[in-house]
Amino acid sequence: MTDTLAPSHDQATINDTRKAELLSKQVKHVDIKSFDARPIVDAMSDMSFTSRDLGRATKIYNQMLADKDCTVCLVIAGSTSAGGCMDLYAELVRNNMVDVIVATGATIVDMDFFEGLGHKHYQALEIPDDDTLRSLYIDRIYDTYIDEEALQNVDHTIFEIAESLEPKAYSSRAFIREMGKYLVEHGKKENSLVKLAYEHDVPIFCPAFVDSSAGFGLVKHQVDSAKAGKPYLMIDAVADFRELTEIKIKAGTTGLLMIGGGVPKNFIQDTVVCAEILGHDDVAVHKYAVQITVADVRDGACSSSTLQEAASWGKVNTGIEQMVFAEAGSVMPLLASDAYHRGLWKDRPTRAWAKLFA
């Protein structure tokens, strides 16, 4: 019997052509080494409003890099990786400018691991109605496109990784390390944050790991294993919290470079409180903190709460902090390029916190 719902050959050809038209221009990730932002950041420091805030935030990040006792934590929420900052974050790892990463599952899996497998993000040069995009299997992030069929390759790759591992509990850090190992062996992109973090022993934590393509692959792994009567692996979110708190306890002085907010922001800040609960009353609050966000402070959400507010919870030092209310893709290239070209990272000790869990 003929499937009357299947598109005709001509219609399929039209759809393929239309999809190719929409996915015709790749997002190019900014290269912070290719330009020196120091003069413009210095000039912005003498301005007002967001420009001055960015200038001070950049100075604070450079202070973190100059402080040889400081462990720098990169905290990422939102879609800046898809929007063009992916190689920027990779360079921070490659050049020993961050020591720990806390991020959303989307940032690590759907964006970075996705490109590590050879897939791309695309500029949305035109945006038809989203039902049309759905019919073409194109996912939209504001003005950025993702090929859903390519994204499903990520789901299945996560499934394959899970199938290859011992069925036990893993922190997100431990599972992401296996993803980095996979990219070393099978990846198609050198500038992958997941791959470089594996190679440089920089731990990556995703406190809501399964809220991403990883979730689909891991659910399939568990369902298939259960049907076959076999044990399966699981992600241990408590282990995430324990491991990250262990790093905070051993690190002592810490600085936060936060893009966006949400769960990653709260998760890294809560390590101070968790350390106190474990009896480590001598653990200091995060000494340095920068947050770049467009969230509105009036809704009481964690994403928008100021760093001054975080001090009331005993999480952040109020003396060396800066909020920058700006779209991060427009200011992070300036901050990162400035820090790269000032070169304070060249004298930093390598911490390799991932070795703590080897």
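Any value given below was found using the heavy atoms of this structure, including those in side chains, with hydrogens, waters and symmetry copies removed.
- A side-chain donor-acceptor contact under 3.5 Å links N153 and H119.
- Between F267 and F205, a ring centre-to-centre spacing not shorter than 6.0 Å is recorded.
- Put simply, the side chain of R177 never gets that close to the backbone of A354: no donor and acceptor are under 3.5 Å apart.
- Between the SG atom of C206 and the CD1 atom of I235 there is a distance of 10.0 Å, given to the nearest 0.5 Å.
- By the salt bridge (charged side-chain N to carboxylate O under 4.0 Å, His left out) test, D87 is found to be paired with K189, residues two or more places apart in sequence or in another chain being considered.
- Scored by the side chain to side chain donor-acceptor pair (under 3.5 Å) test, D99 finds R348 as partners (sequence neighbours excluded).
- In this structure, V102 and P207 have side chains that are in contact, with non-hydrogen atoms separated by less than 4.5 Å.
- The nearest pair of heavy atoms linking V109 to A214 is CG1-N, 3.7 Å.
- When atom types are taken as modelled, the side chain of S51 and the backbone of M47 share no donor-acceptor pair closer than 3.5 angstrom.
- The distance from atom CD of Q123 to atom CG of L23, rounded to the nearest 0.5 Å, is 12.0 Å.
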Set out, in order, the CA-CA distance, both residues' side-chain angles and the distance that settles side-chain hydrogen bond (donor to acceptor under 3.5 Å, both in side chains) for R94 and N191, then state yes or no.
CA-CA 9 Å; R94 177 180 278 115; N191 235 19; 2.4 Å; yes
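- Remark: side-chain polar atoms of Y137 are not paired, donor with acceptor, to backbone N or O of L133 under 3.5 angstrom.
- From E185, atom CD reaches atom CG of L183 across 9.5 Å, with rounding to the nearest 0.5 Å.
- In the hydrophobic clustering of ILVMFWY residues, with side-chain heavy atoms under 4.5 Å counting as a link, I249 and F241 come out apart.
- At a threshold of 4.5 Å between non-hydrogen side-chain atoms, the residues R18 and I138 do not count as touching.
- Counting heavy atoms of neighbouring residues, nucleotides and ligands inside a 6.0 Å radius, atom NZ of K181 does not exceed 12 of them.
- Of the inter-residue distances, the one linking L65 atom CG with I60 atom CD1 reads 12.5 Å to the nearest 0.5 angstrom.
- Under the salt bridge (charged side-chain N to carboxylate O under 4.0 Å, His left out) criterion, D31 pairs with no residue at all, not counting sequence neighbours.
- Residues A197 and I204 approach most closely at CB-CD1, 3.6 Å, considering heavy atoms.
- If you check the side chains of T107 and T104, you find a donor sitting under 3.5 Å from an acceptor.
- The hydrophobic side chain of F216 is isolated, with no ILVMFWY side chain under 4.5 Å apart from it.
- A donor-acceptor pair under 3.5 Å is absent between the side-chain atoms of D143 and the main chain of A124, judged by distance alone.
- Considering only residues two or more places apart in sequence or on other chains, Y340 meets the ring-ring contact (aromatic ring centres under 6.0 Å, His included) condition with W345.
- S45 places a side-chain N or O within donor-acceptor distance of the main-chain N or O of V41, the cut-off being under 3.5 Å.
- Side chain of H221 to backbone of L233: a donor-acceptor contact under 3.5 angstrom is found.
- Cation-pi geometry between K230 and Y232 is not satisfied (NZ or CZ under 6.0 Å from the ring centre, within 45° of the ring normal).
- With sequence neighbours left out, D110 forms a salt bridge (charged side-chain N to carboxylate O under 4.0 Å, His left out) with no residue at all.
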CA sep, side-chain torsions, deciding dist, call: H29, E115, side-chain hydrogen bond (donor to acceptor under 3.5 Å, both in side chains)
CA-CA 11 Å; H29 299 289; E115 287 210 1; 3.1 Å; yes
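- Residues that satisfy the side chain to side chain donor-acceptor pair (under 3.5 Å) test with S212, not counting sequence neighbours, are absent from this structure.
- Using a 4.5 Å heavy-atom cutoff, the side chains of F113 and I108 are not in contact.
- Residues passing the side chain to side chain donor-acceptor pair (under 3.5 Å) test with D224, sequence neighbours excluded: K220.
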Take L22 and Y145, measure what side chain to side chain contact (heavy atoms under 4.5 Å, CB included) needs, and give me the verdict at the end.
CA-CA 8 Å; L22 292 171; Y145 286 153; 4.1 Å; yes
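- Contact annotation: the side chain of W353 never approaches that of D201 to less than 4.5 Å [non-hydrogen atoms, C-beta and beyond].
- A salt bridge links K33 with E91; the closest basic N to acidic carboxylate O contact falls under 4.0 Å.
- Checked against side chain to side chain donor-acceptor pair (under 3.5 Å), R242 has no partners two or more places apart in sequence or in another chain.
- One distance of note links OG of S81 with OH of Y89; it measures 5.5 Å at 0.5 Å rounding.
- A donor-acceptor pair is defined here as one N or O able to donate and one able to accept, closer than 3.5 Å; no such pair exists between the side chain of N95 and the backbone of M97.
- Among residues two or more places apart in sequence or in another chain, the ring-ring contact (aromatic ring centres under 6.0 Å, His included) test is passed with H280 by none.
- The side-chain heavy atoms of R52 and M44, taken from C-beta on, include no pair separated by under 4.5 Å.
- At a threshold of 4.0 Å, the pair D42-R342 counts as salt-bridged, since one of the basic side-chain nitrogens sits closer than that to a carboxylate oxygen.
- Residues meeting the salt bridge (charged side-chain N to carboxylate O under 4.0 Å, His left out) test with D236, sequence neighbours left out: none.
- Between E199 atom CD and S192 atom OG the span is 9.0 Å, to the nearest 0.5 Å.
- In this structure the side chain of I101 reaches within 4.5 angstrom of the side chain of V93, judged on heavy atoms.
- Legend: residues meeting ring-ring contact (aromatic ring centres under 6.0 Å, His included) with F175, ordered by chain and number and at least two apart, are F209.
- Counting only distance, with no hydrogens or angles, the side chain of N62 and the backbone of T58 share a donor-acceptor pair below 3.5 Å.
- Across I141 and A82, no two heavy atoms sit closer than the pair CD1-CB, 4.1 Å.
- Counting only N and O atoms by type, the side chains of T254 and K287 include no donor and acceptor under 3.5 Å apart.
- In this structure, L193 and M86 have side chains that are not in contact, with every pair of non-hydrogen atoms separated by 4.5 Å or more.
- Judged purely by atom type and a 3.5 angstrom limit, D270 has no side-chain atom pairing as donor or acceptor with the backbone of V273.
- Side-chain contact of T50 with D53: a donor-acceptor pair under 3.5 Å is absent, judged by distance alone.
- Ionic pairing of K195 and E190 is present here: one or more N-O contacts between side-chain nitrogen and carboxylate oxygen are shorter than 4.0 angstrom.
- Aromatic ring centres of F114 and H121 lie closer together than 6.0 Å.
- In this structure, the side chain of S225 does not engage the main chain of Q222 through any donor-acceptor pair within 3.5 Å.
- Salt bridge annotation for D130-R140: present, with a cationic side-chain nitrogen under 4.0 angstrom from a carboxylate oxygen.
- With contacts defined as side-chain heavy-atom distances shorter than 4.5 Å, the pair D338/L335 does not qualify.
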